[in-house]
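We use all heavy atoms of the structure for the numbers below, so side chains are in, but hydrogens, waters and symmetry mates are not. Just so we're on the same page: letters track the sequence lines, and every chain starts at 1.
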Amino acid sequence: MQVGTFELLNKSGEARRGTFQTAHGAVQTPVFMNVGTAGAIKGAVDAFDLQEVGCQVELSNTYHLHVRPGDQVVRQMGGLHKFMRWEGPMLTDSGGFQVFSLSELRKIKEEGVYFHSHVDGRKIFMGPEESMRIQSNLGSDIAMAFDECVENPATYDYVKASVDRTTRWLHRCKEELARLNAKEDTVNRQQLLFGINQGGTYDDLRIQHMQEIAEMDLPGYAIGGLAVGESHDVMYHILDTVLPHAPVHKPRYLMGVGTPSNIIEAVARGVDFFDCVMPTRNARHGHLFTWNGIINIQNAKYQTDDRPIEEGCGCPTCRSFSRAYLRHLLRAGEMLSQRLLVLHNLWFYNHLMERIRTEIEQDTFEAFRAQYSAVLAKRI
RNA sequence: GGGAGGUUUCCCGAGUGGCCAAAGGGGACAGACUGUAAAUCUGUUGUCUAUGACUUCGAUGGUUCGAAUCCAUCACCUCCCA
C-alpha cells in the first residue's frame, strides 16, 4: 500500500478502525503514540523497550532535537530512526507546542518564532521552513505543520489572527516539504505532512480553519490547541464541532491528549491518533493506570502490598514486581522505579488502544465506552 | 581534677525577653501533572470540645507583666589541659 494511504476498515458509531501506511510500516488505528521528546522516552526506556510494551509510533520533538544535539548531527548519524534504533513509524512534532509552553522565552512574528533556548538561552529562529528542514533532517515518517498552539482562554481577535497566520505557515510548510522530499539526499523522502487545526474555543474559527486546511489535501489532519486550559466539556464540544468538517478518508490526530477517558471519548467522536506525556510523566510521579482506575503507588497503603500494579497485566513490571517493591524504589529515588513504572503505563496505554480497536472491529465500542470511560478516570 | 562548648517540635538545625507552636532543610502524609524547560511542583506535618484554648525548646526552682531566650542547681554529651 502506498505511503500516506489511510484505509478505513470498520466503524462503530463514529469510532473508526483504520490502517495508515508510512515508510516504516503500517499503523493500526486508533493509535497512541509514545512520546520520546528528545529521542528517548523519559524514565530510561529505549526503543527496544518500546517494542516490548506494544508501541506502534514513536514521537519526538523538532525543537528539542534542534537545540540538542542539533538536527544536522542526527542527519549525519543517518536520521533519528537509526540514531535511536527505532525501526517503526515515527512522528515529529513541529515545535508549535513550544510556542505555547515556552511562552516566556519566545516572540511570534509573521516569518516565524524567535526562541531563547531553554538550555543555554541562545536565540533560535524557527519558522515553517526551518521546522520542515529540521524534521526532514530527523527523517520522521510524519512531520507536523509548524503552528501556534494558543492557550485557552484567548480573545477572539487574537485567535483569529493566530489561526490565519497558522494557515499561511501551513502553505509554506507544504511547499518546503515538497521541495525537501524531491532532493536525492533527503533522509526520508516519503515524509508526510499533517496539518493542524486551531481556533481556540471558537466554533466558527475552528470550522473555517478546518475547511481551509482540508482543501490542501494533506495526508492527515491534527486538532491542536486542546487540553491547554479548557474544560473536558469544551474540548469534547470542539471535537463534535470540528470533526464533521475533517476529511473522512484522512486520519485525525488529537494532539497531546490525554487521559484514558479523554481518549475513549475522542475515539467515540472519530479521532484516530493520540499522543500524551501523561503515561510517562505520571508514571515517574507514581501515578499508575489500571483497568480499575488510577493508583498512586507512593501511598502508604502499598507499603506491604505483595500484588503487582494490576493483577493479570502482562507488562514487564507486573510480571515480576510487587507494589511494595515499586513503592520502595520510587521513594528511595532509585532510577529503576521510573523505568518500571513508565513501562507499565505505556503498556497500559498501548493495550488500551488495542482493546479499543478490537471493540470497534466487533462493533461493541459503545458498550465498552459506557463501561470504562468513567472507571478509568477514577482514583482508587 | 581544671577549662570551654552544648542539650529546640520525628531527624538535622535557626532562634538569646514579647511579632514563637517556634525559620530552613530532611523525613512522613496527601495532591497536581494532557503535541515534556517536569526524577518537577503544591499542601499538611504538637494536642483539642479548634477564628479560641492547652501542652512543648534536657530537669527542677527562680527573676519578670511576659522566658526556648536571663539566673541557680542538677543530669547527660563534646572538645581542650592534667
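- Between the P atoms of B:A21 and B:A32, the separation comes to 34 Å (whole Å).
- Taking atom C1' on both nucleotides, B:G13 is separated from B:A30 by 26 Å, rounded to a whole Å.
- When each of A:I356, A:T358, A:I360 is tested with A:F368 by the rule side chain to side chain contact (heavy atoms under 4.5 Å, CB included), just one qualifies, namely A:I356.
- Judged by distance alone, the side chain of A:R357 and the main-chain N or O of A:T29 form no donor-acceptor pair under 3.5 Å.
- When the P atom is used for both B:U55 and B:U47, the distance is 16 Å, rounded to whole Å.
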Checklist entry - Which nucleotides of nucleotides 24-33 of chain B have their base under 4.0 Å from a protein heavy atom (B), which only their sugar-phosphate (S), and which neither (-), written as one string 5' to 3'? => result ----SSSSBB

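- The pair A:E359-A:R369 does not meet the salt-bridge criterion, since no charged nitrogen lies less than 4.0 angstrom from a carboxylate oxygen.
- Between A:Q98 and B:A37, a side-chain N or O to OP1/OP2 separation shorter than 4.0 Å is present.
- Rounded to an integer number of Å, the gap from CG of A:L352 to P of B:U34 is 19 Å.
- Atom C1' of nucleotide B:A39 and atom CG of A:L326 are separated by 16 Å, given to the nearest angstrom.
- Salt-bridge check for A:D185 with A:R75: passed, with a basic side-chain N closer than 4.0 Å to an acidic carboxylate O.
- For the C1' atom pair drawn from B:U69 and B:C19, the interatomic distance equals 15 Å after rounding to whole Å.
- Under the 4.0 Å criterion applied to side-chain N and carboxylate O atoms, A:D305 and A:R327 are not assigned as salt-bridge partners.
- The residue among A:I41 and A:Q338 whose nearest nucleotide of RNA chain B is located toward the 5' end is A:I41.
- Partners of A:E14 according to the side chain to side chain contact (heavy atoms under 4.5 Å, CB included) rule, which considers only residues two or more places apart in sequence or in another chain, are A:K11.
- Side-chain nitrogen and oxygen atoms of A:T259 include none within less than 4.0 Å of the OP1 or OP2 phosphate oxygen of B:U34.
- Comparing B:A22 with B:U78, their C1' atoms sit 26 Å apart, to the nearest whole Å.
- If you take CG of A:N34 and P of B:U36, they are 13 Å apart, rounded to a whole angstrom.
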